[in-house]
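The first residue in the sequence is number 1, and the count goes up from there.
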Amino acid sequence: MDKLDPNWRNDALDLGLDYGMQTIAVRAGQHRTDEGEHSEPIFTTSSYVYHSAADAAAHFNGTKTGNVYSRHTNPSVRTFERRLAALENGERAVATASGMGAILTMCLAYLKAGDHLLAANQLFGSSIGLFNNYMAKFGVEVSYVDCFDNDAWAKAVQPNTKVIYCESPSNPLAQICDIGYLSQLCKANDILLVVDNCFATPALQRPLDLGADVVIHSATKYLDGQGRVLGGALVGSDALMQEAFTVVRSGGISMSPFNAWVFTKGLETLKLRMQAHCHNANQVAQFLVNHPNVSKVHFSGLSDHPAHELATRQHHMQDGYGAIMGFEVMPSNSSDSNRRDPKAAAWHVIDSTQMVSITNNLGDAKTTITHPATTTHFRLTAEARAEAGVKDGLIRLSVGLEDVEDIIKDLARGLDSL
């Protein structure tokens with residue numbers, strides 16, 4: 001009996017021929033069926049039919065590799081996984097139902113009671129909530145350090161540290177971690193380095209090439225690029241991904257075939273979209289840094305940003321620093337006491353927009369804006385928000401693909417009237 005189903009082979013593009021990223025984004029991972037389809041199909045099936053009872057048994061007991069059940073083996077999902085793995089230069093990817101599902105999968109795969117998780121202070125609020133409220137509940141020790149401070153990372157390592165986790169760039173301040181340094185630290189202490197690459201995407205940065213062990217994605221963001229569906233993914237070595245796959249198979253943290261198809265189509269334009277996003281973001285950042293009512297802009301594309309050189313080194317796209325930035329507004333000098341409050345000033349800028357979408361999502365073709373202290377990070381304590389740099393006057397902006405002049409005009413409505 002053949003141990004590999006013909007439909008399991010990745011035969012649309014020979015990755016051994018050293019194709020470029022855009023070619024991989026358009027063609028990698030697809031297996032064409034006997035129908036000869038050009039575009040990737042959506043396999044909306046929960047189960048699969050076998051040639052015989054023996055064939056079914058071989059699929060289930062693992063002596064034959066092939067489709068078993070769509071909770072953990074689906075051709076549409078597999079195409080997305082293979083394409084993303086190729087873009088990240090990883091051996092394998094495992095897709096999940098959401099970005100938080102990917103982080104939960106990481107925790108369940110690589111941590112157990114008695115282990116220590118060391119993470120950056122600068123994280124998405126829900127990630128901190130997952131670590132503090134649930135992983136700690138099940139006996140995992142969690143601590144945090146400033147992502148900029150390499151000495152703090154080294155001092156915080158414990159004998160039971162099993163995972164170092166960071167976002168680079170981070171949410172919402174787009175801060176940069178030194179992935180190469182963290183990789184050396186992890187290898188010296190037998191620790192897994194897990195990097196959330198959601199904001200940069202493989203179009204700008206490949207953490208595995210910089211020494212990370214696992215890459216995390218909220219595919220909901222730039223991998224889709226149009227704010228349509230939810231999904232997440234992990235990428236790494238085949239051995240590490242097998243552990244993640246087992247969690248998804250047993251826990252049902254599964255991506256749907258339709259969502260996988262949407263993400264696969266999104267990857268086709270990822271590099272082109274990220275080039276346009278970055279082009280717009282660089283101009284918006286210059287506008288903000290020169291506005292008299294903006295006290296600070298958090299964006300590594302600015303030459304005076306403390307991590308500008310590091311971001312330039314880690315991001316392989318020229319002038320590609322991502323399109324997420326935080327900026328702090330100055331309280332108003334108006335006679336209205338409410339506007340003199342930092343939160344009220346930030347809300348005024350947000351509420352004055354007419355085109356920009358007021359939403360917590362990001363990585364969309366549409367520019368989005370939010371107030372992190374009262375949305376994405378509101379569940380954190382005031383102390384935790386302060387440690388993460390989430391101030392009441394902070395606004396997070398995800399720069400989209402509209403005409404950049406229109407984005408700037410819309411932001412100026414509120415900033416000019418403070």
Side-chain angles (χ1 to χ4, degrees), residues 20-25 84-90 99 120 122-124 147-148 150 153 164-184 193-219 221-223 225 233 235-236 266-267 269-286 288-289 297-327 362-364 396-401 404:
M21 174 172 283
Q22 186 56 34
T23 302
I24 291 171
L84 179 62
L87 287 171
E88 284 284 10
N89 205 19
Q122 299 84 352
L123 295 180
F124 178 44
C147 73
F148 284 129
N150 287 348
W153 282 111
I164 283 181
Y165 182 88
C166 67
E167 300 172 355
S168 188
S170 69
N171 187 354
L173 300 180
Q175 290 147 315
I176 307 296
C177 295
D178 189 334
I179 298 173
Y181 170 81
L182 290 179
S183 171
Q184 293 176 0
L193 175 58
V194 181
V195 177
D196 185 321
N197 199 32
C198 175
F199 281 15
T201 81
L204 305 185
Q205 172 182 266
R206 293 191 189 95
L208 298 178
D209 289 352
L210 299 170
D213 297 293
V214 177
V215 170
I216 294 277
H217 278 285
S218 172
K221 310 305 190 293
Y222 286 110
L223 300 192
V235 188
L267 291 178
T269 60
L270 176 63
K271 181 179 178 181
L272 304 176
R273 286 186 285 106
M274 292 308 294
Q275 288 173 331
H277 278 294
C278 292
H279 173 77
N280 279 358
N282 290 339
Q283 294 186 62
V284 170
Q286 288 297 329
L288 290 172
V289 80
V297 180
H298 301 271
F299 182 64
S300 64
L302 296 170
S303 59
D304 60 350
H305 188 279
H308 177 72
E309 186 276 332
L310 176 61
T312 302
R313 178 159 36 93
Q314 291 188 165
H315 293 181
H316 53 75
M317 181 185 288
Q318 185 176 2
D319 296 325
Y321 299 94
I324 311 297
M325 62 189 70
F327 64 96
L362 54 87
D364 200 307
R396 188 190 72 192
L397 187 71
S398 172
V399 180
L401 302 180
V404 68

> Looking at CZ of Phe199 and OG of Ser398, how far apart are the two atoms once the value is rounded to the nearest 0.5 Å?
Replying inline: 8.0 Å
> Roughly how far, to the nearest 0.5 Å, is CD1 of Ile176 from SG of Cys147?
Replying inline: 8.0 Å
> What is the distance from atom NZ of Lys271 to atom CE of Met21, rounded to the nearest 0.5 Å?
Replying inline: 7.0 Å
>> Keeping Asn282 on the side-chain end and Asp319 on the backbone end, is there a donor-acceptor pair under 3.5 Å?
In response: yes
> Where do Ala212 and Val195 come nearest, in terms of heavy atoms and distance?
Replying inline: CB-CG2, 3.8 Å
>> Checking side-chain polar atoms at under 3.5 Å, does His279 have a donor or acceptor matched by the opposite partner on Gln283?
In response: yes
> Do you know which two heavy atoms are closest between Trp153 and Tyr181, and how far apart they sit?
Replying inline: CB-CE2, 4.4 Å
>> Is any side-chain heavy atom of Ser170 closer than 4.5 Å to one of His298?
In response: no
> What's the spacing between Leu204 CG and Met317 CE if we round to 0.5 Å?
Replying inline: 5.0 Å
>> Does Asn89 form a side-chain contact (heavy atoms from CB on, under 4.5 Å) with Leu208? I'd like the steps, not just the answer.
In response: CA-CA 7 Å; Asn89 205 19; Leu208 298 178; 5.6 Å; no
>> How long is the straight-line distance from OG of Ser183 back to CG of Asp209, given to the nearest 0.5 Å?
In response: 11.0 Å
> At their closest point, which heavy atom of Ile324 faces which heavy atom of Gly363, and how far apart are they?
Replying inline: CD1-N, 4.5 Å
>> If you apply the rule side-chain contact (heavy atoms from CB on, under 4.5 Å), what do you find for Leu302 with Gln286, and how did you get there?
In response: CA-CA 8 Å; Leu302 296 170; Gln286 288 297 329; 3.6 Å; yes
> Are any non-hydrogen side-chain atoms of His217 and Pro202 less than 4.5 angstrom apart?
Replying inline: yes
> Backbone N or O of Phe124 within a donor-acceptor pair of the Glu167 side chain at under 3.5 Å?
Replying inline: yes
> So among Leu267, Leu84, Leu270, which one has a side-chain contact (heavy atoms from CB on, under 4.5 Å) with Thr201?
Replying inline: Leu270
> Under 3.5 Å, is there a donor-acceptor pair between the side chain of His277 and the main chain of Val399?
Replying inline: yes
> What are the two closest non-hydrogen atoms of Ser300 and Ala307, and how far apart are they?
Replying inline: CB-O, 4.5 Å
> Can you find a pair of side-chain heavy atoms, one from Glu309 and one from Thr312, that are under 4.5 Å apart?
Replying inline: no
> With Cys198, which residues qualify under side chain to side chain contact (heavy atoms under 4.5 Å, CB included), at least two apart?
Replying inline: Asp196, Ser218, Lys221
> Between Arg273 and Asp364, is there a donor-acceptor pair closer than 3.5 Å when you use the side chain of the first and the backbone of the second?
Replying inline: no
> Out of curiosity, Leu362 CG to Arg396 CZ, how far, rounded to the nearest 0.5 Å?
Replying inline: 4.5 Å
> Do the side chain of Glu88 and the main chain of Val235 share a donor and acceptor less than 3.5 angstrom apart?
Replying inline: no
> According to the interplanar angle, ranging from 0 to 90°, do the rings of Phe299 and Tyr321 count as parallel (below 30°), tilted (30 to 60°) or perpendicular (above 60°)?
Replying inline: perpendicular
> What is the minimum heavy-atom distance between Asn280 and Gly400, and which atoms define it?
Replying inline: ND2-O, 3.0 Å
>> Checking Arg313 against Leu310 for the side-chain contact (heavy atoms from CB on, under 4.5 Å) test, could you report, in this order, the C-alpha distance in whole Å, the side-chain angles of both residues, the deciding distance, and whether it holds?
In response: CA-CA 5 Å; Arg313 178 159 36 93; Leu310 176 61; 3.4 Å; yes
> Looking only at heavy atoms, which two atoms of Asn197 and Ser168 are closest? And how far apart?
Replying inline: OD1-O, 4.1 Å
> Is the side chain of Gln314 donor-acceptor paired with the backbone N or O of Ile179 at a distance under 3.5 Å, no angle test?
Replying inline: yes
